[in-house]
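Beneath this line is the structure, given in structure tokens, with notes to follow.
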Amino acid sequence: MAGELRSEHVGSRVRLAGWVHRRRDLGGLIFIDLRDRKGVVQVSCDPDVLSSEAMESARRIGSEVVVAIEGDVVARPPEAVNPDMATGEVEVKAEGIVQLAPAETTPILVAYGADEELASEELRLRYRYLDLRRPEMLGNFVLRHRVFHTIRGALDELDFVDVETPMLTRPTPEGARDYVVPSRVSHGEFYALPQSPQLYKQILMVSGFDRYFQIARCLRDEDLRADRQPEFTQLDVEMSFVAEDDVWTVIEIVMAAVWKEVAGRTVERPFQRMSYRDATERYGTDKPDLRIAWELCDLSDDLRSSEFRIFRGAIEGGGRVRGFRVPGGAKLSRKVLDGLDKVAQDAGAPGALWTKLSDTGAQGGFGAKLSETELTALRGRLQAKEGDLIVSIAGPEPQGNAALDALRRHLGSVMDAVEEGDRFLWVTEFPLFERDPESGEPVPSHHPFTGLNLEDVDLLEKDPLSIRSRAYDLVYNGSELGSGSIRINDPSMQRRVLAVLGIGPEEAERKFGFLLEAFKYGAPPHGGFAIGLDRVVMHLAGGSSLREVIAFPKTTAARALMEGAPAPVADEELKELGIKRIRRTDA
RNA sequence: GGGGCUGUAGCUCAGUUCGGUUAGAGUGCCGGUCUGUCACACCGGAGGUCGCGGGUUCGAGUCCCGUCAGCCCCGCCA
């Protein structure tokens with residue numbers, strides 16, 4: 001193909017078909033850059049070879065016209081070799097050019113120059129087929145293909161079986177909002193598109209499938225983000241007769257294979273592991289970016305009786321003072337330091353407290369408010385020295401965590417302290433429940449079938465919020481790639497957990513009766529994992545938006561701009577579905 | 001549901017601070033010159049509901065109100 005021609009092909013005759021990437025008309029000579037899936041090659045149109053009619057048509061041919069070209073591959077004259085081009089040592093001397101399809105002037109460019117800005121994302125989505133012609137975009141999807149291919153190969157090698165589960169499923173009241181599909185046959189009843197194959201894969205374990213996987217489409221009707229699409233692809237895995245380590249090992253093998261195969265990078269196995277408690281204590285988040293080395297420290301003991309009202313007040317109010325050391329951070333400008341308040345505030349804290357360490361003590365910020373003893377204690381605890389910056393947050397816990405995490409990442413990037421590398425991390429022992437901020441009642445932090453740490457079973461009814469689960473997340477460079485758990489396979493334990501969640505036998509029966517019923521007939525111990533593959537591909541492609549690695553993504557309003565979805569349907573069609581349109585009740 | 005940014009030529013943007021002549025640039029497009037270019041170069045030309053609606057004003061791309069769209073974030077995402 002055009003993009004594959006190299007000097008070894010010189011002398012061979014080729015017939016190429018593709019798109020006119022660019023054309024350079026020098027008057028006598030015309031050069032056409034011909035693009036196909038493998039890349040671009042230069043075609044030369046020489047009046048000594050081509051008829052004057054053929055030269056005339058080559059002169060008129062526009063960008064993105066589809067053409068077939070026949071000719072010999074020749075070496076370029078030495079002075080005309082283009083080292084920036086994979087095919088730059090050769091060109092095709094055209095002897096015949098046929099237009100296979102015309103092309104109007106495109107609304108957005110395909111062939112961008114090095115410094116040219118891409119068209120707006122809105123237009124790129126509207127004319128997605130043109131945007132996807134760009135070699136960078138095509139490259140993302142070739143990479144995506146290789147990721148999927150590698151995963152399938154690795155799991156096949158590990159004796160997993162790929163099983164498909166339904167797209168039309170039972171609506172679930174738990175979790176994310178369902179995309180709902182009306183039933184034509186049963187008016188008033190609805191299917192839901194799957195949020196994940198969770199219940200099906202557990203049922204497959206009851207069926208004895210033992211090692212299941214699926215690359216599954218999942219749909220959730222929630223608001224979008226750069227890293228969140230309503231429709232996404234997940235690697236779904238479930239295994240029987242396993243504990244955490246068995247699941248982790250499988251995922252580690254798969255991820256290492258992907259990174260090796262697709263990026264040519266070796267990642268160390270086993271991945272680092274850290275409990276949820278450790279992660280939040282040391283980094284202020286359940287998805288720490290370990291490329292930033294700095295860790296948080298509790299400074300409360302050193303400041304308990306401080307004259308500085310903010311510190312003492314926070315501690316007396318039941319909160320804590322925590323902080324971290326930014327090596328060399330004393331050189332940061334006043335502007336950057338003043339900006340820390342906003343970073344902390346955006347994360348829900350009243351503000352950020354900081355001081356610079358110099359040879360004479362602490363300068364600026366809270367440094368002046370502390371006694372000599374307190375400063376010395378802080379320096380010792382943080383192992384901080386002259387030239388460092390100390391940043392801290394005083395106050396109650398959840399806000400403090402979020403702010404410390406935000407400050408750590410913000411300053412990590414400002415100080416250029418984010419190391420290169422692939423830092424995978426298992427975060428383990430998530431709490432089984434968290435408190436619903438509105439009702440105050442416990443709600444599952446993962447899902448209601450998550451197994452619990454056997455040491456904590458006795459606390460189930462007494463202190464549910466303190467129970468550690470057998471759920472785990474996989475974190476890559478500060479980004480959550482996926483999560484999983486060892487599940488509950490004992491029907492009576494499942495009933496106890498549901499009871500704590502305020503779901504009685506009747507409600508449980510109505511919501512997931514089929515799962516509970518299946519568990520009556522011999523459910524093996526099992527557990528699994530799910531990985532967001534769009535995010536994996538995004539990271540490997542070096543991007544920051546899923547839209548770069550999903551062929552036809554939705555906008556932030558969940559609309560498809562190219563085909564125009566969603567769209568109204570005819571009243572007649574609605575009638576057949578037993579659905580009546582109601583007027584919007586806008587005020 | 002809330003907050004922020006953006007919307008001007010096919011495309012990318014300037015012009016909006018502080019209302020005032022005929023709204024500019026680059027690129028693409030069209031025409032011309034050019035036999036080693038590679039974002040070819042050079043010369044010329046066409047191309048605008050200033051997102052949409054309303055208001056203030058002698059006068060609105062510019063000010064005010066509303067609305068639509070795209071993007072980023074919070075909420076939400078078991």
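Naming convention: chains lettered A, B, ... in sequence-line order (proteins, then strands); numbering from 1 in each chain.
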Separation of the [atom1] atoms in [N] and [M], to the nearest angstrom:
N     : M     : atom1 : value
B:A14 : B:U67 : P     : 26 Å
B:U56 : B:G3  : C1'   : 28 Å
B:C65 : B:A46 : P     : 40 Å
B:C18 : B:C29 : P     : 41 Å
B:C40 : B:C30 : P     : 14 Å
B:U16 : B:U62 : C1'   : 4 Å
B:C42 : B:G51 : C1'   : 38 Å
B:A60 : B:G20 : P     : 11 Å

- prompt: Relative to the ring of A:Phe514, is the ring of A:Tyr200 parallel (under 30°), tilted (30 to 60°) or perpendicular (over 60°)?
  reply: tilted
- request: Look at the aromatic rings of A:Tyr127 and A:Tyr129 and report parallel, tilted or perpendicular, splitting at 30° and 60°.
  value: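 Taking A:Tyr129 first and then A:Tyr127, their aromatic rings stand perpendicular (interplane angle over 60°).
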Can you tell whether the side chains of [X] and [Y] come within less than 4.0 Å, N to carboxylate O?
X        : Y        : result
A:Glu461 : A:Arg496 : yes
A:Glu56  : A:Arg60  : yes
A:Asp131 : A:Arg128 : yes
A:Asp46  : A:Lys93  : yes

Roughly, in whole Å, what's the span from [atom1] in [X] to [atom2] in [N]?
X        : N     : atom1 : atom2 : value
A:Arg134 : B:U12 : CZ    : C1'   : 14 Å
A:Leu118 : B:G28 : CG    : P     : 16 Å
A:Glu117 : B:G7  : CD    : C1'   : 16 Å
A:Leu193 : B:C77 : CG    : P     : 19 Å
A:Ile30  : B:U33 : CD1   : P     : 12 Å
A:Gln198 : B:C77 : CD    : P     : 16 Å
A:Ile61  : B:C29 : CD1   : P     : 13 Å
A:His21  : B:G28 : NE2   : P     : 13 Å

- prompt: Would A:Phe430 and A:Asp286 count as a side chain to side chain contact (heavy atoms under 4.5 Å, CB included) if you check the C-alpha gap in whole Å, the side-chain angles of each, and the deciding distance to 0.1 Å?
  reply: CA-CA 9 Å; A:Phe430 274 76; A:Asp286 59 6; 3.6 Å; yes
Base versus backbone protein contacts along nucleotides 69-76 of chain B [heavy-atom cut-off under 4.0 Å; B, S, -]: SSBSSBBB
- line: Counting primed atoms, P, OP1 and OP2 as sugar-phosphate and everything else as base, the B/S/- map of nucleotides 36-52 of chain B against protein heavy atoms under 4.0 Å is BBBBB------------
- prompt: Run the side chain to side chain contact (heavy atoms under 4.5 Å, CB included) check on A:Gln195 and A:Thr172 step by step: do they pass?
  reply: CA-CA 9 Å; A:Gln195 296 179 24; A:Thr172 51; 3.4 Å; yes
Pairing partner (Watson-Crick or G-U wobble, both distances under 3.5 angstrom) of [N]:
N     : value
B:C71 : B:G4
B:G66 : B:C52
B:A9  : none

- prompt: Donor-acceptor pair, A:Thr285 side chain versus A:Lys287 backbone, under 3.5 Å?
  reply: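 Pair found, side chain donor or acceptor close to backbone of A:Lys287.
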Test item: side-chain donor near acceptor, A:Asp236 and A:Tyr212, under 3.5 Å: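 There is such a pair between these side chains.
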field: Side-chain H-bond candidate by donor/acceptor type, A:Gln214 with A:Thr165, under 3.5 Å
entry: yes
- prompt: Looking for any heavy atom pair under 4.0 Å, which part of the strands does A:Pro448 touch: base, sugar-phosphate only, or nothing?
  reply: base
query: On RNA chain B, nearest-nucleotide positions of A:Gly28 versus A:Ser445: which is more 5'?
result: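 Looking at RNA chain B, the more 5' nearest nucleotide goes with A:Gly28.
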